[in-house]
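On a predicted model such as this, the values are computed, not experimentally measured, just so you know.
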Amino acid sequence: MINPFNKPLEHLEEEDLNKLIDEEISEGLHVEYKEDFPTHLGKIVASFANTFGGWIIIGTNARNPRNVPTSFPGISMTRDPKDRFRNICRDHISPVPIFSSKLIKKSSDPDRGILVVRVDESAYPPHITKDGRIYRRNMEGSDPLAETDRHILDRLFEKSVHNKNEVKAFVNRKLQKTAAEEVLFRVVCCPVPLNLDLIKPFFVPERITRLKKMAQNIWKHTLPKSIRFHPEGFSFELENHRLEILRSGVITYSCPIPTSLKQLNRQSEPLELDFLDYRALQMALLRTLKLTREVYRFAGYMGLFIPKVSLENILNKGLDDPKFFDFYLRFPQPQCTYSDIILPYGFSPVEVKEMENSRQIADPLLGYIYRCFGFEALDTHSLARGELSR
């Protein structure tokens, strides 16, 4: 993607905007100027994501035949422009494309600012607007155009399929079965596409300290204080527990799930069964999702991610959730018939906007797990315990 400033977004200052005036950079395939938030902002953002990415500068005067900027009067900051931009994208585009923004305050008027937004080219097109259309940029002008060419639409979908397959292969490698004989539970949260460098720059003291503090607070200071560094991130490791945070935004947590042998007094015949501690399973899932939410907020990420879980060595075992314990007293052969599971089965990305509450993501995943144990865990049931998610 072309960068009209020739410097990273996060380093932009007010004087850098003058480069657009001095070099007479006009609107077009990669740049869009707006005096204020336009009603069709969602179409503009989606068109950049569906093409080659681009820049939107809100608070610009470019009213002239050549659409080049002449001044930057800015916009009112009474309502946070960054939040306003984020909410418009969330409400008008599906899925929300990846973008970054910086609000530059005017030195002459601290109550006004210029919002500079970089929209990345999407690895998972198409991004569809609220009116059900797919918009792209056009070399002939700056206005987003609804795409109707079947060949181009096919290429957008093919690009998405290719990148999905890459993510599937990566996640499956993360969830490969280990040699452990105990019940092992793993959670993987993977942003898509891969290699986003969400937490960049990563290896600086401030960010490492912040991420460590996030994890320690969520795990109630049960994680080790020391961390192990890797080329692409770091991990907390304690016996069989491992929490890994990568600069790409991939977060993985694995831990053993305690089991206990219980005698069931059934009318048909007594049964002795090894039960998984459902509270340990739920807590591991909820904590990982909560950390993922905090890390993505910290990175300003609004795109897609894939949550996946796996359980190993669960054949002939049970799950001791009291909500469903009656199942073991009345069903002829209640033992789990799966040895290992990886769920959900397909490519099921979730928008980060759904991460306002980790239970919203945890409930569907727990539903998959509970159904593997034979329970009638319907989609209308809430399975994640509220006290465990805090």
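- For the pair Arg247 and Phe203, the cation-pi test (distance below 6.0 Å, angle within 45°) is failed.
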**Message:** As a quick check of understanding, evaluate ring pair (Phe, Tyr, Trp, His ring centres under 6.0 Å) for Phe375 and Tyr328, giving each step before the final call.
**Reply:** CA-CA 10 Å; Phe375 300 156; Tyr328 294 101; 5.7 Å; yes
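- Using modelled atom types, one finds no donor on one side chain facing an acceptor on the other under 3.5 Å when comparing Glu147 with Asn50.
- Grouped by direct or indirect side-chain proximity (heavy atoms under 4.5 Å, Ile/Leu/Val/Met/Phe/Trp/Tyr only), Ile128 sits with Ile134, Leu153, Leu156.
- A salt bridge links Arg330 to Asp326: at least one charged side-chain nitrogen sits closer than 4.0 Å to a carboxylate oxygen.
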**Request:** Would you check, one step at a time, whether the test ring pair (Phe, Tyr, Trp, His ring centres under 6.0 Å) holds for Trp219 with Phe236?
**Result:** CA-CA 11 Å; Trp219 264 263; Phe236 298 88; 8.2 Å; no
**Request:** Walk me through it: do Phe373 and Phe324 pass the test ring pair (Phe, Tyr, Trp, His ring centres under 6.0 Å)?
**Result:** CA-CA 10 Å; Phe373 281 88; Phe324 300 93; over 10 Å; no
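- For Phe48 and Phe99, the gap between ring centers reaches or exceeds 6.0 Å.
- If you chain together hydrophobic residues whose side chains sit under 4.5 Å apart, Ile2 and Phe5 never meet in one group.
- Contact check for Cys372 versus Leu343: side-chain heavy atoms found under the 4.5 Å cut-off.
- With 3.5 Å as the limit, one finds a donor-acceptor pair spanning the side chains of Glu312 and Thr178.
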Using atom types as modelled, flag every donor-acceptor pair under 3.5 Å from a side chain in residues 252-264 to any protein atom, sequence neighbours excluded.
from, atom 1, to, atom 2, distance (Å)
Tyr253, OH, His241, ND1, 3.0

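- Side-chain contact between Asn6 and Lys19 is present, with at least one heavy-atom pair separated by less than 4.5 Å.
- At least one side-chain heavy atom of Leu271 sits less than 4.5 Å from a side-chain heavy atom of Gln335.
- Residues Lys174 and Leu246 come closest through the heavy atom pair NZ-CD1, 4.2 Å.
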